[in-house]
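Here is the structure we will look at, set down as structure tokens.
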Amino acid sequence: MNENIFDLNGVFPQWKSFLKEEFEKKQKDYVEFLQQSLLFDCEEEITIYPSRNKTFEAFRYFDLDQTKVVILGMDPYINKGQAMGLSFSVPTNVKIPPSLKNIYKCLLASKLIEEVPTEGNLDYWSRQGVLLINRSLTTLVGKPNSHVDLWDEYTKTLVQKLSAMKPLIFMLWGNNARELTDYIDSKSIIYEWSHPSPLAQSHQKFINCPHFMDANKLLIKLGQEPIDWNIYEPTSEVEQEFGVNA
């Protein structure tokens, strides 16, 4: 089996150096785990999501020093065509998952968007310095949390080292994300809320989550550009000035 499981092509230089140390430590463990997770039947393998070239997709839109906000999800989507390496995001023209629908409802209620988007691709957020990562960077098709043990230590270390390097805003939604609270340096700001999934059992309705507004207020206070939480990037100065979606 080809042991080049991690595809870091296209990852920004600072991220590549940052990820490389842990990547090399975990490479052998990952390969061994992957071999155990594959079933061979007529030379067909169980599918892993996202695809190998998308595992580190979140680090291909901006470099480490441009990071502003970290949004932590749980697990990549387990159904065909959904997982794209960005937490909560799905490729253009793919049906919007329930969790992302609730995120949109929250943004609408917060008056940060004017209408609910018809697409689920969040790469515009990524291009603004929002790191969209999951606790587990891969999963087996149809089997949620199947790679949790594999990635647990990796993502804990990643968050710990990242928060120690610079103050960041962390949005932790749900119990899985909250497990990382103790690994985040005190210089960073932590926002906690229930998970946006409709299945989440909590008194905290996600539509009332103030994180997007709070993050922008803090960024402005720090002298940084706030995040445009629309998913469509403005295509002209006029549109950008008046907040009109492309």
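This one's a predicted model, so the numbers in the text were calculated from it and none came from an experiment.
Cluster annotation: Trp229 and Val116 are assigned to the same hydrophobic cluster (Ile/Leu/Val/Met/Phe/Trp/Tyr, side-chain heavy-atom contacts under 4.5 Å, transitive). Hydrophobic clustering, with ILVMFWY side chains joined whenever heavy atoms are under 4.5 angstrom apart, keeps Ile220 apart from Met213.
For Val94, the side-chain contact (heavy atoms from CB on, under 4.5 Å) partners at least two apart in sequence or on another chain are Gln82, Val90, Pro91. The salt bridge (charged side-chain N to carboxylate O under 4.0 Å, His left out) test applied to Lys105 returns no partner, not counting sequence neighbours. For Tyr61, there are no ring pair (Phe, Tyr, Trp, His ring centres under 6.0 Å) partners, not counting sequence neighbours. With sequence neighbours left out, Lys166 forms a salt bridge (charged side-chain N to carboxylate O under 4.0 Å, His left out) with no residue at all.
Under the side chain to side chain contact (heavy atoms under 4.5 Å, CB included) rule, Met84 has a single partner from Pro50, Ser89, Pro76, which is Ser89. A side chain to side chain contact (heavy atoms under 4.5 Å, CB included) with Glu57 is found for exactly one of Leu86, Val11, Leu137, namely Leu86. Residue Leu180 forms a side chain to side chain contact (heavy atoms under 4.5 Å, CB included) with just one option from Ile190, Val159, Val70, Leu158, and that option is Val159.
Side-chain contact check for Leu162 versus Tyr183: every heavy-atom pair is 4.5 Å or farther apart. Contact check for Phe62 versus Leu131: side-chain heavy atoms found under the 4.5 Å cut-off. Ile231 places a side-chain heavy atom less than 4.5 Å from the side chain of Tyr104. Residues Lys68 and Glu225 form a side-chain contact, since some pair of their non-hydrogen atoms from C-beta on lies under 4.5 Å apart. Asp63 places a side-chain heavy atom less than 4.5 Å from the side chain of Pro13. Counting heavy atoms from C-beta outward, Tyr49 and Thr138 have side chains that stay 4.5 Å or more apart. Using a 4.5 Å cut-off on side-chain heavy atoms (C-beta onward), Asn102 and Ile207 make no contact. Using a 4.5 Å cut-off on side-chain heavy atoms (C-beta onward), Tyr191 and Leu172 make no contact.
Residues Phe12 and Trp15 keep their aromatic ring centres 6.0 Å or farther apart.
A salt bridge is absent between Arg135 and Asp75; no separation between the charged side-chain nitrogens and carboxylate oxygens falls under 4.0 Å.
Within a 6.0 Å radius of NZ in Lys156, more than 12 heavy atoms belonging to other residues, nucleotides or ligands are found.
Under the 3.5 Å distance criterion, with hydrogens and angles disregarded, a donor-acceptor pair is assigned to the side chains of Asn53 and Ser51. Looking at Ser194 and Trp173, their side chains never bring a donor and an acceptor atom within 3.5 Å of each other. Asp228 and Tyr124 share a donor-acceptor pair across their side chains, judged by distance under 3.5 Å alone. Looking only at atom types and distance, the side chain of Ser163 has no donor-acceptor partner in the side chain of Ser188 under 3.5 Å away.
Of the inter-residue distances, the one linking Ile96 atom CD1 with Glu119 atom CD reads 7.0 Å to the nearest 0.5 angstrom. Note: Phe88 CZ to Ile103 CD1 = 5.0 Å, rounded to the nearest 0.5 Å. A distance of 12.0 Å separates OG1 of Thr157 from CG of Leu19, quoted to the nearest 0.5 Å. To the nearest 0.5 Å, the span separating OG on Ser197 from CG on Leu199 amounts to 4.0 Å. Here the straight-line distance linking atom CD1 of Ile113 with atom CZ of Phe212 works out to 9.5 Å at 0.5 Å rounding. One distance of note links CG of Asn9 with CZ of Arg60; it measures 7.0 Å at 0.5 Å rounding.
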- Query: What's the verdict on side-chain contact (heavy atoms from CB on, under 4.5 Å) for Met171 and Val69, showing C-alpha distance, side-chain angles and the deciding distance?
  - Reply: CA-CA 8 Å; Met171 298 184 185; Val69 178; 3.9 Å; yes
- Item | Audit row: Val130, Ile227, side-chain contact (heavy atoms from CB on, under 4.5 Å) steps and yes/no | CA-CA 8 Å; Val130 180; Ile227 305 299; 3.8 Å; yes
- Evaluate side-chain contact (heavy atoms from CB on, under 4.5 Å) for Lys143 paired with Ile78, printing each intermediate quantity in order. CA-CA 6 Å; Lys143 295 183 178 181; Ile78 60 173; 6.0 Å; no
- Are Ile133 and Ser87 close enough, and set up right, to give a side-chain contact (heavy atoms from CB on, under 4.5 Å), and what steps lead you there? CA-CA 5 Å; Ile133 57 172; Ser87 59; 5.5 Å; no
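A salt bridge (charged side-chain N to carboxylate O under 4.0 Å, His left out) check over residues 122-133, counting only residues at least two apart or in different chains, returns the pairs Asp123-Arg127, Arg127-Glu233. Legend: salt bridge (charged side-chain N to carboxylate O under 4.0 Å, His left out) pairs involving residues 182-193, not counting sequence neighbours, sorted by first then second residue: Arg178-Glu192, Asp185-Lys187.
Phe56 and Phe59 have tilted rings, their planes meeting at an angle from 30° to 60° on a 0 to 90° scale.
At distances below 3.5 Å, at least one donor-acceptor pair connects side-chain atoms of Trp125 with backbone N or O atoms of Asn230. With Trp193 contributing its side chain and Gly174 its backbone, the two residues share no donor-acceptor pair below 3.5 Å.
Between Phe206 and His195 the shortest heavy-atom distance is CD1-C, 4.2 Å. In plain terms, the two heavy atoms of Ser99 and Pro196 that are nearest each other are O-CB, 3.6 Å.
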